J.: 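Pasting a structure here, questions to come.
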Amino acid sequence: MRINNVPMEDFSHILLFKTNIACDADKALVYAMLSNTPGIEKWSVDLEDEDRVLRIVSHSYCHQQIIELITYHGYNCCELI
């Protein structure tokens, strides 16, 4: 897609989620899980944000797959729209 003849950047590979990841211990568990998941290029979680936003960069995963992965490990996770 172009606006004013300038190509728009595609951000579909950046996935955002609202979670209940609440503390550094939770973040460490999520680190162990996501760091060993092929196809996840980068990730971060903002513990200061009230939505505990989880940001994942991946060209191979969709929102639903990440939600299933996170909830399987006991955390709440939903797509942030």
Side-chain angles (χ1 to χ4, degrees):
M1 180 178 199
R2 292 178 170 266
I3 295 182
N4 295 330
N5 213 20
V6 176
M8 289 192 56
E9 211 168 331
D10 178 18
F11 293 106
S12 63
H13 62 284
I14 300 173
L15 311 173
L16 299 174
F17 304 90
K18 177 180 178 178
T19 72
N20 67 337
I21 300 167
C23 63
D24 286 330
D26 291 337
K27 191 173 179 179
L29 291 171
V30 171
Y31 172 83
M33 174 186 22
L34 295 178
S35 295
N36 291 316
T37 304
I40 295 180
E41 299 166 30
K42 286 176 64 175
W43 71 274
S44 64
V45 63
D46 184 353
L47 298 179
E48 301 297 319
D49 189 281
E50 69 181 38
D51 289 332
R52 308 291 195 253
V53 175
L54 172 64
R55 178 183 178 269
I56 293 182
V57 177
S58 176
H59 287 89
S60 54
Y61 284 92
C62 69
H63 284 92
Q64 188 57 40
Q65 290 169 310
I66 297 296
I67 290 169
E68 290 171 9
L69 178 65
I70 299 296
T71 57
Y72 176 80
H73 287 86
Y75 294 98
N76 296 333
C77 183
C78 64
E79 182 178 355
L80 195 59
I81 303 174

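Owing to the predicted nature of the structure, the values given are computational and were not obtained by experimental measurement.
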J.: So which heavy atom on Lys18 is nearest to which on Asp51, and how close?
T.: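 So the two residues come closest at CE-OD1, 3.3 Å.
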J.: Treating Asn20 as the side-chain partner and Asn76 as the backbone partner, does any N or O pair qualify as donor plus acceptor under 3.5 Å?
T.: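 Confirmed, Asn20 side chain pairs with Asn76 backbone.
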J.: Nearest 0.5 angstrom please: Met33 CE to Leu69 CG, how far?
T.: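 The distance works out to 5.5 Å.
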J.: Minimum heavy-atom separation for Ser58 and Gly39, please, with both atom names.
T.: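 Taking Ser58 first and Gly39 second, the nearest heavy atoms are OG-O, 2.6 Å.
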J.: Measuring only between side-chain heavy atoms, which start at C-beta, is Thr19 closer than 4.5 Å to Val53?
T.: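 Not in contact.
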J.: Applying ring pair (Phe, Tyr, Trp, His ring centres under 6.0 Å), which residue pairs with at least one partner in residues 47-69 are found, sequence neighbours left out?
T.: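 Qualifying pairs: His13-His59, Phe17-His63.
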J.: Looking only at non-hydrogen atoms, find the nearest pair between Ala22 and Asp26 and report the distance.
T.: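 Where Ala22 meets Asp26 most closely, the heavy atoms are N-OD2, 3.0 Å.
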J.: Please name the pair of heavy atoms, one in Trp43 and one in Tyr31, separated by the smallest distance, quoted to 0.1 Å.
T.: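 Closest approach of Trp43 to Tyr31, heavy atoms only: CZ2-CA, 3.2 Å.
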J.: Would you mind reporting whether Val57 and Leu15 have side-chain heavy atoms less than 4.5 Å apart?
T.: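 When only atoms from C-beta onward are counted, Val57 and Leu15 do not touch, as no gap falls below 4.5 Å.
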J.: How long is the gap from CG on Asp49 to CZ on Arg55, to the nearest 0.5 Å?
T.: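 Answer rounded to 0.5 Å: 13.5 Å.
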J.: Identify, with sequence neighbours excluded, every residue that meets side-chain contact (heavy atoms from CB on, under 4.5 Å) alongside Thr71.
T.: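 So Thr71 forms a side-chain contact (heavy atoms from CB on, under 4.5 Å) with Ile67, Cys77.
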J.: Is there a chain of hydrophobic side chains (I, L, V, M, F, W, Y, each step under 4.5 Å between heavy atoms) that links Leu29 to Val45?
T.: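 Same cluster.
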J.: Is any side-chain heavy atom of Asp46 closer than 4.5 Å to one of Leu54?
T.: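 No, too far: nothing below the 4.5 Å cut-off.
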J.: If I take atom CD from residue Gln65 and atom OG1 from residue Thr37, how far apart are they, to the nearest 0.5 angstrom?
T.: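 One gets 11.5 Å once the value is rounded to the nearest 0.5 Å.
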J.: Who passes side-chain hydrogen bond (donor to acceptor under 3.5 Å, both in side chains) against Gln64, sequence neighbours left out?
T.: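 Glu68.
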J.: Would you say the side-chain atoms of Arg52 pair up with the backbone N or O of Leu47, donor to acceptor, closer than 3.5 Å?
T.: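 Flag set: sc Arg52 to bb Leu47 pair under 3.5 Å.
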J.: Can you tell if the side chain of Ile21 reaches within under 4.5 Å of the side chain of Tyr75, non-hydrogen atoms only?
T.: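 In contact.
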